[in-house]
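Notes to accompany the following structure.
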Amino acid sequence: MDYLDNLNEPQLEGVMNTGGPCMIIAGAGSGKTRVLTMRIAHLIKAKGVDPFHILALTFTNKAAKEMRDRIEGVVGNEARNIWMGTFHSIFARILRAEGGKLGYPGNFTIYDTEDSKSLIKSIVKEKGLDDKVYKPNTVLNRISAAKNRLVSWQEYLSNPIYLADDESAMKPEVGNIYRIYADRCFKASAMDFDDLLFNTNILFRDHLDVLNKYQQRFKYVLVDEFQDTNLSQYLITKKLAAVHQNICVVGDDAQSIYAFRGADIQNILNFEKDYADLRVIKLEQNYRSTQNIVEAANSVINKNRAQLKKNVWTQNTQGDLIEVIKATSDNEEGKLVASTIFEERMHHQLSYTDFAVLYRTNSQSRAIEEALRRNNVKYKIIGGLSFYQRKEIKDILAYLRFAINQHDEQALRRIINLPKRGIGPASVDKVVVAAYEHDMSIWEVLENIHSFISGRTANAIADFVTMIKAFKLEIERKDAFEAATHIAKNSGILRALYEDKTIEGLNRYENVQELLNAIKEYVDNPENEDKTLGAFLQEIALLTSVDQDNNEDNELVTLMTIHMAKGLEFKYIFVVGMEEDLFPSQMMLTSRADLEEERRLFYVAITRAKAKLYLSYALNRYRFGRLKNCEPSRFLEDIDPQFIKVNRLFKGSEANNFNPVGQVQGTHSRYAKNLVNSIRKTSGPTSQNYHKPGKDFIPSDTSGLTEGMKVEHAKFGFGVVTMMDNLGANRKAKVNFENFGEKTLLLSFAKLKIHDS
DNA sequence: TTTCTGTACTAATCA
DNA sequence: AGTACAGAAA
């Protein structure tokens, strides 16, 4: 049993005691993943448990994959059969199989946050409400919070407390928006992220046969990062484990940082009450960090009131003191971080992969990136605007989604006029109204468009429907890669991007090629059994940002938010932007609970560091394009001063000398841009040199217009027709004007008087 | 219906 | 510093 070697006593206990309910409280860096993986390996290898009977829930696909790989190292191929994945992906899988009982087809779409927000936006608009009051973000958060507490729209609308809350927030219509939102999602055969958990709860509540099936199947249930579960997730796991009672949760209350999406720290604090025979194991020895870092972290977290008693300690060396860097501006902060990374790496012969820069908000990455680039330090960013959130990628994905599910309203709105095919928002509204009036689905109206509207738009819509039907067939007959390539080409999207020869256009074209490559890779990967487009879409809909990290071996500094860094470790950690209103965020200062969550976030940041921790702040920072004064964060004072080396001072010259490129920073580009704008404003034709037509100016019928005719335009004056374009829906004429040169005019709009007969 | 342009607003964290 | 939106012009 060599996999049991090198485990300390509580770790061993966590691995060996596999029967009955168990909670493992694991301090930062105490080897909790190791315990969890070895526990599963032990179940399979020593206890002879069939991997099909084990359910292990994690928060990222990456964590799941890592655990699976490590288990595979002990038990071999069998590890593939464990039900292991994120809450969302496991229950999406179950809902694909069982969702029919709730009225959802197996090919339901998963709406991402952008889809949800734009749906809410259109509902607010349709109801004629003020979109300044009903901001999509606010409304969605409210709906999301309700779903995470398992409050349906019916319960929401009949609960006087919620209604009073909304009333006092001057948003009395939120409940009704929730009702319409839920209805529209259902009609679109779509579930948002919260629905995946909400509907699983409904499924298990209303269909006991289904619940029973999965209760029998999952003899062992394990949950990682338990402190981050919300009520919805908690109830699912509790229900699934109710028959066999073999539930093991692993977590650290000090690292609970997802209250904003409904995570409830009470789940971990109250777990003991739920299970009378609960075995509690505490992992308190930290193997990751130096003594200084561990104790500095302890001194911070002790400022919080709500926590379980535990004592994290380490046998590691004392290590360096924490250093605080003070910068005058966010640009200088970036520069100091870059130069420090450069020096430390040289001095200690480290790899760039040993460094990570952590920040509170994604927008802070820009200044750091710029400085790293200037100093030729290669870096990678985790999270932020990810590949799959790019517009051109989402456009293609919307086509794929719609070809699979014609009820997907958000995908339809995205693609129906992309590339431009003459179906503008006015036409889309007509279709939606028609669908509403005749109690039909939008797709049914589109299919029979000639019974509702006529003319050019109707033809364009009919062509669109024909195209989608062809794509449908393609998907049924071919694998994901062939189908996606066909759709990208025949939808006209690829061509439109190809014709855009700007740098951004080129990039976008390459991104789409990259997406197709990714699909090819997916199809070629033998681990993926289901090679349909639907399976691929499901996979990427539930990708977590940490998962999209495919160049791990390169010499790169890692940049990410503190949230993304949870569960990771680096030798050197830089936490930047240690300023009031930024970290802690000004939005978290309203209650003690919020501030404590923010402090736990700081605790997570500190405990990522193995060898050395740098904290930095700037006295001035650009926000919304304006320079703002900043104060050092209160969290700096939370650290016991004995672990801090007080302000490491950089002389201005030292920092400047480091810059090997020596470019002038600051407002230069802004200034240049303003200059260009002002030039553009003062040049070009202004209203006074436009032609003034005589009083008898009456536009002629231009249907007989031909080349060589002399015409008068209301603004451009006299000119000669040089070329006619009678092709396509819009007739165009090229006219060479005496005072304004050659212009292309759309004849359905341009008012021309013909002076040639 | 489409395209261009000025401006108003924004950025908290994630699946 | 970006971008989403409204309004004008074509």
Side-chain angles (χ1 to χ4, degrees), chain A residues 58-61 85-89 91-92 110-113 116 118 121 125 131-132 135-137 141 144 148 191-197 228 230 233 257-263 358-367 370 382-386 388-389 391 417 419-428 455-457 460 540-547 560-566 577 581-588 594 597-598 600-601 604-605 622-627 667 669-670 673 677 680-681 713-716 729-730 732-733 743-752:
Chain A
T58 61
F59 271 76
T60 64
N61 295 300
T86 63
F87 274 91
H88 289 87
S89 66
F91 296 117
I110 297 172
Y111 273 178
D112 66 13
T113 312
S116 300
S118 82
K121 203 185 239 176
K125 207 171 172 186
D131 58 357
K132 300 266 190 306
K135 291 186 181 153
N137 237 331
N141 282 341
S144 169
N148 287 329
M191 297 196 201
D192 66 16
F193 290 132
D194 303 314
D195 286 334
L196 294 173
L197 306 171
D228 290 328
N230 57 37
Q233 294 166 317
I257 54 174
Y258 282 105
F260 71 89
R261 72 173 201 222
L358 310 182
Y359 35 79
R360 178 68 236 269
T361 67
N362 280 306
S363 56
Q364 288 167 258
S365 71
R366 194 172 302 278
E370 204 169 300
I382 313 274
L385 220 189
S386 79
Y388 288 106
Q389 289 172 309
K391 186 188 171 296
N417 200 27
K420 299 273 148 63
R421 45 174 78 90
I423 311 171
S427 307
V428 174
R456 223 183 304 170
T457 316
I540 58 167
L542 297 174
L543 267 190
T544 53
S545 320
V546 211
D547 301 330
M560 62 186 142
T561 64
I562 304 169
H563 283 87
M564 304 257 58
K566 197 171 65 151
D581 289 350
L582 186 60
F583 192 27
S585 158
Q586 78 268 23
M587 308 184 87
M588 290 296 253
D594 282 348
E597 167 139 327
E598 209 66 355
R600 289 193 295 273
L601 191 58
V604 168
Y622 275 103
R623 280 182 114 177
F624 304 126
R626 282 180 185 285
L627 204 56
T667 55
S669 61
R670 244 182 302 278
K673 205 171 170 184
N677 278 338
R680 192 165 52 185
K681 266 179 198 160
H713 183 269
K715 263 188 183 167
F716 299 137
N730 299 313
K732 283 171 243 171
K743 302 240 175 233
T744 305
L745 305 173
L746 216 54
L747 291 177
S748 49
F749 291 101
K751 302 203 171 11
L752 290 176

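Chain A is the first sequence line, chain B the second, and so forth, proteins listed ahead of strands; every chain is numbered from 1.
- Toward the 5′ end of DNA chain B lies the nearest nucleotide of A:Met588, the other residue of the pair A:Asp194 and A:Met588 mapping further downstream.
- Look at A:Thr113 and you won't find any side-chain N or O under 4.0 angstrom from OP1 or OP2 of B:dC14.
- Counting to the nearest Å, the P atom of B:dA12 and the CZ atom of A:Arg366 are 15 Å from each other.
- Between A:Met191 and A:Tyr111 the shortest side-chain heavy-atom distance does not fall below 4.5 Å.
- Side-chain contact between A:Asp192 and A:Ile110 is absent, with no heavy-atom pair separated by less than 4.5 Å.
- Checking the phosphate oxygens (OP1, OP2) of B:dA8, no side-chain nitrogen or oxygen of A:Lys132 falls inside 4.0 Å.
- Dashed line: the shortest gap from a side-chain N or O of A:Thr561 to OP1 or OP2 of B:dC14 is under 4.0 Å.
- The same atom, C1', is picked in C:dA4 and in B:dT13; the two are 23 Å apart, to the nearest Å.
- If you measure from atom CG of A:Leu197 to atom P of B:dC14, you get 18 Å, rounded to the nearest angstrom.
- Counting atom types as modelled, A:Thr361 pairs no side-chain N or O with a base atom of B:dA12 as donor and acceptor under 3.5 Å.
- Contact between the side-chain N/O atoms of A:Asn141 and the OP1/OP2 oxygens of B:dA12 is not found at any separation under 4.0 Å.
- Taking atom CD1 of residue A:Ile257 and atom C1' of nucleotide B:dT13, one finds them 8 Å apart after rounding to whole Å.
- Among the protein residues, A:Asp112 comes within range of no part of the nucleic acid, since none of its heavy atoms lies under 4.0 Å from any strand.
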Nucleotide N/O of nucleotides 3-6 of chain C paired with protein N/O under 3.5 Å:
residue, atom, partner, partner atom, Å
C:dC5, OP1, A:Lys121, NZ, 2.1

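- Summarising the geometry, the separation between NZ on A:Lys135 and C1' on B:dC9 is reported as 9 Å, rounded to the nearest angstrom.
- At the heavy-atom level, A:Ser585 lies nowhere under 4.0 Å from the strands shown.
- Regarding A:Tyr359, its OH atom lies at a distance of 13 Å from the C1' atom of B:dA11, rounded to whole Å.
- Among the heavy atoms of the strands lying under 4.0 Å from A:Arg360 is at least one base atom, whether or not backbone atoms are also near.
- Side-chain atoms of A:Ser116 and A:Thr113 include no donor-acceptor pair closer than 3.5 Å.
- Within the structure, every side-chain polar atom (N or O) of A:Arg623 is placed at least 4.0 Å from both OP1 and OP2 of C:dA1.
- With sequence neighbours excluded, the residues satisfying side-chain hydrogen bond (donor to acceptor under 3.5 Å, both in side chains) with A:Gln364 are A:Thr361.
- A:Phe87 comes within 4.0 angstrom of nothing in the nucleic acid, heavy atoms only.
- Taking the side chain as every heavy atom from C-beta outward, A:Ser144 and A:Arg261 never approach each other to under 4.5 Å.
- Within the 4.0 Å cut-off from OP1 or OP2 of B:dT13, at least one side-chain nitrogen or oxygen of A:Asn362 is found.
- Within 4.0 Å of A:Ala426, counting heavy atoms only, lie sugar-phosphate atoms of the nucleic acid but no base atom.
- Checked against the 6.0 Å centroid threshold, A:Tyr359 and A:His563 do not count as a close aromatic pair.
- Side-chain contact between A:Met560 and A:Leu358 is present, with at least one heavy-atom pair separated by less than 4.5 Å.
- The aromatic rings of A:Tyr258 and A:Phe59 lie parallel to each other, their planes meeting at an angle below 30°, with 60° marking the opposite boundary.
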